[in-house]
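Report on the structure given below.
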There are 2 protein chains.
Amino acid sequence: MNSDFTLAIHSLTLLALQPDRMSTSEYIAESAGVHPVRIRKVLSLLKKNGFITSKEGTGGGFIFALDLDQVNLWDIYQITSEGALQPKCTDSNGQCIVGANMKSVLFSIFMGAEEHLGEYLKEYTIKEVVELVKQKETF
Amino acid sequence: MNSDFTLAIHSLTLLALQPDRMSTSEYIAESAGVHPVRIRKVLSLLKKNGFITSKEGTGGGFIFALDLDQVNLWDIYQITSEGALQPKCTDSNGQCIVGANMKSVLFSIFMGAEEHLGEYLKEYTIKEVVELVKQKETF
DNA sequence: TTTTACTGTAACGAATATTATTACAGTAAG
DNA sequence: CTTACTGTAATAATATTCGTTACAGTAAAA
């Protein structure tokens, strides 16, 4: 699984806990243990899709733009990782029935798998992820 | 997605169409467009799990050991790719609530996702994959 | 019994993909 | 006009995947 996906979840969860102020990429990067530039790349995708807004310059940063239960993990998956389930087959032998047709058969199976995964991921909104993180905290 | 998974499916589908004779790794490799050693590596996993048998020496190779509807894609996934959905998070900042707990929260979410995927993959047996490949052939 | 045709694996190298880092332009606050 | 940010391209470092070579083991067949 693409780690852009988990970085996006991580970032949004952090932003969810800082609803009143902007968070810098450096702050988020430190929490996630990655480089700030990587955070900015991932967050630029989320921004394009309207989940967050950003501001440049002093005092700038990122902030959540929607209600926490308006964003679910399937939304985030689609933005950051769509197609990640698809295996990248090398071209196989077209002379052979299996070689010639396997690729498209697998393609449709994995398409279905991704849709199915979507049904699961839709059940988790950022609100719920925040709850889960808070629960862990108490133990 | 790990390509061992699709190579395993490809190989088993080929073997399913050659129920009466042994197929060599070279033959399978040519159909799949990869190196024979890679096929042997993947097939050794399938052998360990009893889906196929193999024979060394002249006239040797691989052959399906079960009925085609006794093996489904979830079986194959588990053997070749279990955990592939889990993102490999870099260790994040333990000082931060989110950094400290996100990893385990994501872990359980992705565990659930894999189980959910399993329900979908169980619906496809090798028998059905063979049918799909044959259907493609006619068009 | 020696040759031939295979599997089984380890070891290493090549290719590819992912991630970090640097660099710098653009923006806004003070 | 300086400071503190985002945005993004380009490049370097690293990790992962995959191909290839090498060779031991096995069995059929000459």
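Order of the sequence lines fixes the chain letters, A, B, ..., with proteins taken first and strands second; residue numbering starts at 1 for each chain. This is a predicted model, so every value here is computed, not measured.
- Taking the salt bridge (charged side-chain N to carboxylate O under 4.0 Å, His left out) definition, one finds that Glu56(B) meets it with nothing, sequence neighbours left out.
- Scored by the side-chain hydrogen bond (donor to acceptor under 3.5 Å, both in side chains) test, Ser25(B) finds Arg40(B) as partners (sequence neighbours excluded).
- Under the salt bridge (charged side-chain N to carboxylate O under 4.0 Å, His left out) criterion, the residue pairs touching residues 93-111 of chain A are Asp91(A)-Lys103(A), with sequence neighbours excluded.
- Identified under the salt bridge (charged side-chain N to carboxylate O under 4.0 Å, His left out) test for residues 113-130 of chain A, with sequence neighbours left out: Glu119(A)-Lys122(A).
- Looking at residues two or more places apart in sequence or on another chain, you find no salt bridge (charged side-chain N to carboxylate O under 4.0 Å, His left out) involving Lys55(B).
- Distance CG (Asn2(A)) to C1' (dA17(C)): 11 Å, rounded to an integer number of Å.
- With rounding to whole Å, Met22(B) atom CE is found 14 Å from dA5(C) atom C1'.
- The phosphate of dT18(C) has neither OP1 nor OP2 within less than 4.0 Å of any side-chain N or O from Ser3(A).
- Atom CD of Gln78(A) has more than 12 neighbouring heavy atoms from other residues, nucleotides or ligands inside a 6.0 Å radius.
- For Gln86(A), the side-chain contact (heavy atoms from CB on, under 4.5 Å) partners two or more places apart in sequence, or in a different chain, are Phe107(A), Phe110(A), Met111(A).
- Applying the ring-ring contact (aromatic ring centres under 6.0 Å, His included) criterion to Tyr77(B), with sequence neighbours excluded, gives Phe5(B), Trp74(B).
- Among pairs with a residue in residues 1-26 of chain A, those fulfilling salt bridge (charged side-chain N to carboxylate O under 4.0 Å, His left out) read Asp4(A)-Arg38(A), at least two apart in sequence or across chains.
- Taking only side-chain nitrogens and oxygens, Ser25(A) comes nearer than 4.0 Å to OP1 or OP2 of dT6(D).
- The ring-ring contact (aromatic ring centres under 6.0 Å, His included) search around Tyr27(A) returns none, not counting sequence neighbours.
- Residues from residues 43-57 of chain B lying near DNA chain D, meaning a heavy-atom separation below 4.0 Å, are Lys55(B), Glu56(B), Gly57(B) in numerical order.
- Listed by residue number, the members of residues 26-42 of chain B with any heavy atom below 4.0 angstrom from DNA chain C are Val37(B), Arg40(B), Lys41(B).
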Give me, pair by pair, the N or O atoms of the protein and of nucleotides 2-4 of chain C that are less than 3.5 Å apart, along with how far apart they are.
| unit_1 | atom_1 | unit_2 | atom_2 | d |
| --- | --- | --- | --- | --- |
| dT4(C) | O2 | Thr58(B) | OG1 | 3.1 |

